[in-house]
Peer 1: 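Just dropping this structure here.
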Amino acid sequence: MDEHSRLFTLIADKFRNNPGDLLGIGDPADREVIARRAYAVSRLTPSMMTANLVNACCVPLVLYLDGQTRMDAFVWAAIVIANASHFLWQTYARRKKPFPNTLSPRVYKRAIIQAGFLGALWAYPGLVMLPQLDGIAQAFLVALAAGMVAGGAITLYPMPLAAYAFCGVVVLGSMTGFSRADAPSYWGFAIVSVTFAFIVFRSIARHERIFVSEFRLRKLLDRQNDLMGGMLEQAREEVRTERQLAQERLLQTQKMEAIGQLTAGIAHDFNNLLTAVRGNAELLMIEEDAQTYLIEPIIQSADSGAALVRQLLAFARKQTLAPAPVNTRQAITEAAELLRRSLREDIIVETKFDGAPWPIRIDPHLFSNALLNLGTNARDAMPQAGAITISTRNLAADADFVRVSFCDTGTGMPEHVRERAIEPFFTTKEFGAGSGLGLSMVYGFVKQSGGDMSIEHAAGGGVCVRLDLPRSAEPPEIPDDTPAPTGPAPETQSLLLIEDNPVVLRTLIGIIESLGYAVTAVESVERARKVLADFTPDILVTDIVLPGGQWGSAFAREMAKTCPDMRILMISGFHSELASLGLEPHQGTLLAKPFSREQLEQALKTLRPASME
């Protein structure tokens with residue numbers, strides 16, 4: 001096989017396997033571009049076919065008017081009219097069908113064949129009729145051939161091979177026929193050819209620029225739409241995530257609020273029970289034949305129950321606070337010393353102060369308890385050995401705070417544990433090893449004090465608990481060592497007791513009488529008014545929450561005005577009410593249930609009447 005045969009075989013095989021390569025549309029992107037171009041110019045098909053119909057009718061008419069009637073011209077015109085009508089019908093039938101996004105090689109080949117057939121059809125007047133014509137008829141056929149070349153090039157330019165097939169056959173037939181004419185009009189042919197060539201090239205170039213620009217803009221717009229769609233979907237996903245987190249936080253808040261309300265609701269009754277248990281146990285303790293080994297566990301259990309209630313109230317932010325200006329350095333130093341004595345010897349407790357820490361306004365006793373709770377958690381997280389560092393830093397932003405950082409070198413806290421660390425009763429310890437209220441109590445105390453708390457990973461492992469506590473605008477008070485004045489001897493004083501709970505009432509009567517006071521006990525304010533109509537006691541001890549919607553605090557304020565010499569002690573299991581009674585310091589003392597016999601005795605001794613102020 002010679003070189004030409006091998007080349008022909010290679011081309012044939014390549015065309016058979018992938019005809020798109022030889023047609024110039026092997027790349028799918030090229031097929032898309034061609035399809036879009038074809039769709040853009042397909043709108044010209046009806047007008048071009050209409051022009052064909054007009055031209056086909058004009059050819060025999062011009063020949064007839066010029067006296068050169070030809071039968072083949074009528075036959076040719078009939079064929080062209082039929083072909084143009086067929087294309088018009090196809091265009092009308094496909095007007096509602098979507099145009100394909102890509103052009104297959106099979107469709108492209110069929111378009112080339114159709115273009116060649118149309119070219120041969122329109123080459124016939126120039127090839128067969130033109131040599132036998134002269135004058136106007138000849139000029140008309142030349143102009144018609146040039147116009148068809150222009151229209152065909154414009155219509156078929158998206159498919160170059162189809163445009164070449166149509167225009168090439170028409171031009172070749174017209175030029176061949178023109179060269180065989182007896183009296184060709186060269187100037188007319190040249191003028192018409194140049195004019196139509198200018199029109200064709202200018203139209204194609206302009207249409208190409210418009211189409212390419214539009215295509216590029218559309219592709220850019222598509223990319224931007226895809227980008228915007230991706231960004232919108234990402235934004236939607238973020239919104240869904242934020243909404244889910246917000247719902248989870250709302251549920252968590254509602255759950256915490258429900259626990260807080262439940263805690264505050266049961267605190268009063270529970271404290272009354274503990275008051276009765278502890279008070280009666282102490283009354284048994286002072287008997288001569290008291291079995292101390294049996295009574296002491298009762299008192300210890302009552303104290304543990306009271307501590308549990310205080311922790312729950314601290315979480316619910318309903319505990320009684322006695323905020324005061326506190327020297328931060330001194331409070332932390334004392335707490336660190338207490339931690340050193342309380343924790344194991346293999347745990348080092350250090351303090352670091354960033355300059356001179358500002359004073360803070362908090363309840364000093366509860367602040368010390370909070371640091372002890374953090375120390376207990378840190379100890380359990382360091383089973384072998386470790387170190388605790390308590391540091392301070394002054395924060396001056398929108399509001400002034402002192403940040404107290406409590407960091408340990410323990411095993412750390414995973415993310416899922418940190419998210420639930422402040423939940424009440426949540427603990428990772430073994431059953432019975434902890435109540436799960438340590439961090440809850442600290443969090444409640446800090447929030448109730450007007451601060452904030454966060455838990456973070458410590459550098460090198462462990463956990464850092466950040467306590468942001470409010471700065472005090474007043475300097476810390478200097479302790480007064482002067483002993484407090486005491487009242488008369490108990491046996492010379494009378495006491496009116498108002499308590500609605502009968503069990504607690506009997507318990508308090510026994511404790512107060514054991515202290516040497518003469519007690520008159522009633523269950524309501526109405527009964528107390530009847531007693532006061534006969535005599536005025538030296539001391540009024542009243543519960544705050546009384547039956548019938550009455551408040552012992554309101555009755556105490558009334559007595560402070562009408563009987564200024566009367567000393568007042570108020571007691572309650574509702575810790576949240578003790579801080580909002582509105583009494584002046586000389587008008588009464590507040591004592592939260594449950595309390596010990598010694599605490600009650602000390603409170604009664606330190607009561608001062610208004611006349612002493």
Side-chain angles (χ1 to χ4, degrees), residues 304 307 310-311 314 326-360 362-395 401-422 426-430 432-446 449 451-471 476 479:
S304 298
R310 285 195 298 270
Q311 287 179 322
V326 175
N327 186 311
T328 306
R329 180 187 292 269
Q330 180 180 353
I332 292 178
T333 301
E334 293 175 355
E337 185 61 30
L338 183 60
L339 283 172
R340 293 187 185 98
R341 295 196 301 267
S342 303
L343 303 179
R344 301 191 309 268
E345 294 181 355
D346 59 351
I347 297 178
I348 302 174
V349 180
E350 299 179 344
T351 57
K352 294 182 181 180
F353 301 99
D354 185 9
W358 294 329
I360 52 179
I362 55 169
D363 187 315
H365 177 68
L366 293 179
F367 176 62
S368 178
N369 285 344
L371 295 182
L372 286 176
N373 273 284
L374 294 178
T376 301
N377 285 346
R379 177 201 63 194
D380 296 339
M382 297 182 293
Q384 301 298 328
I388 295 175
T389 302
I390 308 176
S391 59
T392 64
R393 184 161 63 94
N394 297 333
L395 302 178
F401 288 91
V402 177
R403 171 166 292 178
V404 179
S405 299
F406 194 101
C407 303
D408 61 60
T409 58
T411 56
M413 189 179 295
E415 182 67 24
H416 69 280
V417 175
R418 282 197 297 136
E419 293 176 353
R420 303 185 57 191
I422 63 173
F426 174 77
T427 179
T428 57
K429 301 175 184 177
E430 297 180 358
S435 63
L437 289 171
L439 288 176
S440 301
M441 186 275 290
V442 176
Y443 177 77
F445 159 68
V446 172
S449 300
D452 199 3
M453 169 180 161
S454 61
I455 304 175
E456 304 173 1
H457 289 296
V463 172
C464 271
V465 180
R466 316 284 189 188
L467 308 180
D468 294 342
L469 302 172
R471 178 184 182 182

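Positions are given from 1, in the same order as the sequence printed here. It should be emphasised that the depicted structure is a prediction, and the values quoted were computed from it without experimental measurement.
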Peer 1: Donor-acceptor pair, distance only, cut-off 3.5 Å: does the side chain of Asn394 make one with the backbone of Ala356?
Peer 2: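 Present.
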
Peer 1: Taking all atoms of both residues into account, what is the closest heavy-atom pair of Asp468 and Val446, and its distance?
Peer 2: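 Between these two residues, the closest heavy atoms are O-CG1, 4.2 Å.
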
Peer 1: I need the minimum non-hydrogen distance between Arg329 and Thr333, along with the two atoms involved.
Peer 2: O-OG1, 2.7 Å

Peer 1: Which heavy-atom pair separates Leu338 from Ser368 by the least distance, and what is that distance?
Peer 2: CD2-OG, 4.3 Å

Peer 1: Is there a side-chain contact between Leu439 and Met453, using heavy atoms and a 4.5 Å cut-off?
Peer 2: yes

Peer 1: Just wondering, do Asp452 and Phe401 contact through their side chains at under 4.5 Å, heavy atoms?
Peer 2: no

Peer 1: Hey, does the side chain of Ser391 reach the backbone of Lys352 with a donor-acceptor pair shorter than 3.5 angstrom?
Peer 2: no

Peer 1: Any idea which heavy atoms bring Ala335 and Leu371 closest together, and the distance?
Peer 2: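 Nearest heavy atoms, Ala335 then Leu371: CB-CD1, 3.5 Å.
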
Peer 1: Within the distance-only criterion (no hydrogens, no angle test), does the side chain of Asp408 pair as donor or acceptor with the backbone N or O of Val463 below 3.5 angstrom?
Peer 2: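 Yes; at least one donor-acceptor contact below 3.5 Å.
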
Peer 1: Looking at every heavy atom in both Arg466 and Ser405, which two are closest together, and how far apart are they?
Peer 2: NH1-OG, 2.8 Å

Peer 1: Kindly compute the distance separating CE (Met413) from CD (Glu456), expressed to the nearest 0.5 Å.
Peer 2: 12.0 Å

Peer 1: Taking all non-hydrogen atoms of both residues into account, name the closest pair between Val326 and Pro476 and its distance.
Peer 2: C-CG, 3.8 Å

Peer 1: Any side-chain heavy atom of Leu374 sitting closer than 4.5 Å to one from Leu467?
Peer 2: yes

Peer 1: Atom CZ in Arg340, atom CD1 in Ile348: separation rounded to 0.5 Å?
Peer 2: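 CD1 of Ile348 is found 10.0 Å from CZ of Arg340.
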
Peer 1: Check whether any side-chain heavy atom of Leu343 sits under 4.5 Å from a side-chain heavy atom of Ile388, and report yes or no.
Peer 2: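 Result yes, sub-4.5 Å side-chain heavy-atom pair found.
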
Peer 1: Is the closest side-chain heavy-atom distance between Leu372 and Leu339 below 4.5 Å?
Peer 2: yes

Peer 1: Does a side-chain heavy-atom distance below 4.5 Å link Asp346 with Gln384?
Peer 2: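 Counting from C-beta outward, Asp346 and Gln384 never come under 4.5 Å.
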
Peer 1: So do the side chains of Phe353 and Ile332 get within less than 4.5 Å of each other, counting heavy atoms only?
Peer 2: yes

